[in-house]
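Down below is the structure, laid out as structure tokens.
All values below come from the heavy atoms of this structure, side chains included, with hydrogens, waters and symmetry mates left out.
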Amino acid sequence: MRLHDMLIDAARDRGAECAVIDFDDVRYDWATMQRGAQAASDVLQAKGVRAGDRVVIVLENAAVAMAALFACSMLDAIAVPVNARLTKAELDRILAHSDAAAAVFSVATGKAPRAQAEAFDAESVALPVGEMAVMARAGAVPEPVETDNARAIAIMLYTSGTTGAPKAAMLSHATMLAGAAASEEMRGIVASDVTYLALPLSHIFGLVTLLAVTRAKACARLEARFDVARLYQALKEDVTVLPAVPQMHAQLFHYARERGEGRYSKGILRFASSGGAPLDPSWKREAEAFYGIALQNGYGLTETAAGVCATRSEKGDPDVSVGVPMLGSELRINLEAPGAQPEQGIGEIEIGGPQVMLGYFKDTPSRRQR
């Protein structure tokens, strides 16, 4: 099974049901999303993209970006999602390092990706799910195409580069599918859920959440950029699952209190989680007082397709740990590693399981999965 097979399954089983509420509030059903992905695939193929090629997707969250991601899978190409708000110099480095055969820009969302597309003289194309622009690059050398999902690269994601130059983590189809399954299981996502997704699809947290929604054949409410007023309104309309970074939660309950609402009153939100940054204990307490449900915490990495472990706490639990291993994860603390302080329980975190990356592009001697 490849990533796009989840889209095909969703279109087959729930074709007329909502798949995406887009950044501009336009709704697309699963059948339309499949048509959009197929159309994007046809465009990329016409631009010369082959199996094993890398395709940089310069995006803000939108249905057209989702279509481009699945289009790459349809072609056995490798999607390289990046944030549209990178500088041109940063994007030039990623295009060169990834040896991309093409770049796609989610121009439907407006200023940032449109400016990037214009800078690279990309050609705009209308799809059933919005407008994208495409630029072909000559001379790219494709990766060998693997039939084994555990060795076939689906996604390359560049790390933040906080400890050096950003590296491209190679994530296989099996890895991303395992991450999606773990995310779906942890949140208990079902077909009737609406998941709010302002977390960027260029970050592993947002990307795996989208795949979890697709696997569950549910609905994602995509936001091109975080806007606390829109989140506040969405919670009053249809959102049942809310994954976010701590600062998003904090902005929300402060925004609500400024409007005289000390507690979320709609009553349909059933799951809220925090990730991507440390969770302040006071924010956890405030969030739970506002939502009226437990706020779950977690830990993950780009290199492990997001989730490694997560809490399953009851409301009011003071615990702000990152919880227990998620589905398929293996986790241990090596107290004998260099720099470990065993007397304080401090050691090196070692992670195993199907969600671990294949390595870093151009920086790994072999693709042997750890």
Side-chain angles (χ1 to χ4, degrees), residues 1-14 19 30 33-34 37 41 51-52 54-55 57 65-81 143 145-157 168-191 193 195 197 199 201-220 241 243 275 298 300-310 325-331 351-359 361 367-370:
M1 187 178 190
R2 302 297 214 205
L3 295 188
H4 69 275
D5 290 318
M6 294 192 296
L7 175 61
I8 291 171
D9 288 348
R12 180 196 63 224
D13 297 341
R14 288 176 57 82
W30 282 110
M33 284 308 310
Q34 183 183 6
S41 172
R54 274 80 55 213
V55 177
I57 304 175
M66 177 177 171
L69 288 163
F70 283 117
C72 290
S73 176
M74 288 175 171
L75 293 172
D76 252 337
I78 300 163
V80 188
E143 285 289 290
V145 178
E146 303 277 359
T147 57
D148 180 359
N149 277 343
R151 297 185 62 79
I153 306 170
I155 303 287
M156 280 176 23
L157 271 183
M170 300 182 292
L171 302 164
S172 73
H173 284 270
T175 288
M176 298 305 294
L177 291 168
S183 177
E184 178 191 14
E185 189 270 343
M186 185 266 290
R187 297 181 174 99
I189 300 175
V190 296
D193 276 320
T195 297
L197 196 47
L199 301 165
L201 302 182
S202 54
H203 188 278
I204 193 64
F205 193 1
L207 180 56
V208 167
T209 299
L210 180 68
L211 294 179
V213 170
T214 305
R215 191 177 190 275
K217 304 164 190 172
C219 177
V241 178
L301 303 163
T302 301
E303 291 88 344
T304 61
V308 172
C309 48
M326 291 171 64
L327 183 70
S329 292
E330 300 170 6
L331 186 65
I351 301 165
Q355 80 282 30
V356 176
M357 70 171 180
L358 294 169
F361 186 62
R367 288 213 216 145
R368 186 182 72 255
Q369 188 156 2
R370 291 183 289 176

Got a second to check how far [X]'s [atom1] is from [Y]'s [atom2], nearest 0.5 Å?
X	Y	atom1	atom2	answer
Leu7	Thr214	CG	OG1	7.0 Å
Met33	Met66	CE	CE	4.5 Å
Leu177	Leu211	CG	CG	7.5 Å
Leu69	Leu201	CG	CG	6.5 Å
Leu157	Thr302	CG	OG1	6.0 Å
Leu197	Cys219	CG	SG	10.5 Å

Next item on the list: Please lay out, stage by stage, how Glu303 and Val356 fare under the test side chain to side chain contact (heavy atoms under 4.5 Å, CB included).
Entry: CA-CA 6 Å; Glu303 291 88 344; Val356 176; over 6 Å; no

Side chain of [X], backbone of [Y]: donor and acceptor closer than 3.5 Å?
X	Y	result
Ser41	Ala37	no
Arg151	Glu146	no
Asn149	Met1	yes
Trp30	Ala218	yes
Thr304	Gln355	no

Please find the pair of heavy atoms, one from [X] and one from [Y], that lie closest to each other, and give the distance.
X	Y	answer
Glu143	Phe361	OE2-CE1, 3.6 Å
Ile78	Gly52	CD1-O, 3.9 Å
Gln34	Met74	O-CE, 4.3 Å
Gly328	Pro354	O-CD, 3.3 Å
Met156	Ala168	CE-CB, 4.0 Å
Ala310	Met326	N-CG, 3.9 Å

Notebook entry, point to check: So, do Glu184 and Val208 sit near enough that their side-chain heavy atoms are less than 4.5 Å apart?
Noted result: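 Sidechains of Val208 and Glu184: no contact.
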
Check: So among Val213, Thr209, Asp193, which one has a side chain to side chain contact (heavy atoms under 4.5 Å, CB included) with Arg187?
Finding: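 Considering Val213, Thr209, Asp193, a side chain to side chain contact (heavy atoms under 4.5 Å, CB included) with Arg187 is found only for Thr209.
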
Checklist line | For Cys72, the option from Leu3, Ile57, Ile155 that meets side chain to side chain contact (heavy atoms under 4.5 Å, CB included) | finding: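 That would be Ile57; it is the only one of Leu3, Ile57, Ile155 passing the side chain to side chain contact (heavy atoms under 4.5 Å, CB included) with Cys72.
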
Next item on the list: Show the numbers, then the answer: is there a side chain to side chain contact (heavy atoms under 4.5 Å, CB included) between Met186 and Leu327?
Entry: CA-CA 8 Å; Met186 185 266 290; Leu327 183 70; over 6 Å; no

Notebook entry, point to check: Less than 4.0 Å between a side-chain N and a carboxylate O, is that true for Arg12 and Asp9?
Noted result: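 A salt bridge is present here (some side-chain N lies under 4.0 Å from a carboxylate O).
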
Item checked: Stepwise side chain to side chain contact (heavy atoms under 4.5 Å, CB included) check, Leu358 with Thr175 -> CA-CA 9 Å; Leu358 294 169; Thr175 288; 5.7 Å; no

Notebook entry, point to check: Would Ser183 and Arg215 satisfy side chain to side chain contact (heavy atoms under 4.5 Å, CB included), going step by step from the backbone distance to the final call?
Noted result: CA-CA 10 Å; Ser183 177; Arg215 191 177 190 275; over 6 Å; no

